[in-house]
Amino acid sequence: MGTLIKNRTSLSNVSDATIQRHYSTSAWIEGKAEEQLQHVSQLNRVQKVSAFPDLHPGKYGPVGCAILSDLLYPQLIGNDIGCGMSLFILDLPARKIKPEKIAKKFRVLEGKWLGNACALLEENSLPPQDFPSSLGTIGGGNHFCELQTVVQINNSELAKKADLSKGTSCLLVHSGSRGLGMQVFSSVLNELNAGLSPLTEQAEKYIASHNRAVQWASLNRYLIARRAAESLRTDFKLISDSPHNLIEEYQGHYLHRKGAAKADIPLIPLAGSRDSMSYLLSPGEKVHDALSSLAHGAGRKYDRSSMHGRIRNKKSDQIKLQRTSFGGHVVCEDKHLLIEEAPEAYKNANHVLRDLELFKLATSVATLQPLVTFKKVISRKEEYR
DNA sequence: ATGTCC
């Protein structure tokens, strides 16, 4: 095993930030992601960068890292402010689960929520005019609502505390702030590279609207779970809410988490692909050295566009992609999204977990197997094709 | 990623 932490000394008079790479030499990391990592470490007044084994290239910077800086860089977070993972326990015995029936019931998630979204926003101290019609909807891209079952307990004490045992049914919800985060981001699109100085009017305004988007995204995941649980006529209970796309004040600086899970909480989900196990993590003894953050999932191995050249697109292939190797169901009728989000597009979540454990950033509490992954019923793209 | 886009 190579050195765990690389400290670099800059030859120029501009001192670059320390980059901590929390992954072993065998981790799948693209060269472009490493270049982006270097680049963000050289941004003005960046103190420290922690990178995780799910690291992969992003639009403005790498995904799968945490960046500590004295300036605010909204572009590092991008438009899906507050995006994250929430895990819920369901009161649903494993023996009662019929994936094909549940897949049908989950289809209600595609439409608008029919409840009073404005009232729910107000109850949660959010402005009622903030995208009420999107509240409770999953969105596109890598977002999903997934029924999972606990197949293995890896820490019986912590699992018991969380009411988890073998056979417990769970919902893992991955979604964000939809149109709201996009609106907030587009309002600061000018002068992006410089970074925003704290205490300026622009920074204060961004922080306030960013914080609302973070709250909105969390409420969105909760409402998605509520809708899914109602469709199955079962109770649900939140056990972890970990955003991975946000800025927080941290030790007198600003901590940017881009595809890095907030880990200063007792339990953190690590999403696999829909055809591999997910894990529930407990923060490890060294997590504070990693900016109190963790990998948020397996991480992309191949970008979206290249997936179209890697997977055939015949009708029979599409049908195959709607089932997993262990009999799980995938609800995704958008054939492009089906390919872009194919399990092959992702790294091995097991290897990501292995590195997190190796670097003492986390330990596994439970292993969860996906049974039904809900993504999208039909896209407008498909309708007009 | 996106009340995208007709």
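Every chain is numbered from 1 and lettered A, B, ... according to where its sequence line falls, protein lines coming before strand lines.
- Going from atom CZ of A/F131 over to atom C1' of B/dT4 covers 12 Å, rounded to whole Å.
- The CD1 atom of A/I89 sits 12.0 Å away from atom CG of A/D235, with the distance rounded to the nearest 0.5 Å.
- Across the protein-nucleic acid pair, A/K376 atom NZ and B/dT4 atom P stand 10 Å apart, rounded to whole Å.
- Atom-to-atom, CD1 of A/I138 to C1' of B/dG3 comes out at 16 Å; the value is rounded to the nearest Å.
- Between A/L147 and A/F106 there is a side-chain heavy-atom pair separated by less than 4.5 Å.
- Here A/G140 lies in heavy-atom contact (under 4.0 Å) with sugar-phosphate atoms only.
- A donor-acceptor pair shorter than 3.5 Å cannot be found between the side chains of A/R178 and A/S134.
- Distance CE (A/M182) to C1' (B/dG3): 11 Å, rounded to an integer number of Å.
- In this structure, A/H336 places its NE2 atom 15 Å from C1' of B/dT4, rounding to the nearest Å.
- Looking at residues 56-64 of chain A, you'll see that no heavy atom sits under 4.0 Å from any atom of DNA chain B.
- Looking at A/K375, its side chain never comes within 3.5 Å of a backbone N or O of A/L337 through a donor-acceptor pair.
- Using cut-offs of 30° and 60° on the angle between ring planes, the pair A/Y222 and A/F236 is tilted.
- Heavy atoms of A/F185 sit nowhere under 4.0 angstrom from any nucleic acid atom.
- Note on ring orientation: taking the six-membered ring where Trp is involved, the planes of A/H296 and A/H244 are perpendicular (angle over 60°, cut-offs 30° and 60°).
- Counting to the nearest Å, the P atom of B/dG3 and the CG atom of A/N220 are 11 Å from each other.
- Distance A/N79 CG to B/dG3 C1': 14 Å, rounded to the nearest Å.
- Side-chain atoms of A/R227 come within 3.5 Å of backbone atoms of A/G136 as a donor-acceptor pair (strictly under, hydrogens ignored).
- The distance between atom CZ of A/R304 and atom P of B/dT2, rounded to the nearest whole Å, is 10 Å.
- Within the 4.0 angstrom heavy-atom criterion, only backbone atoms of the sugar-phosphate kind lie near A/G139; the bases stay farther away.
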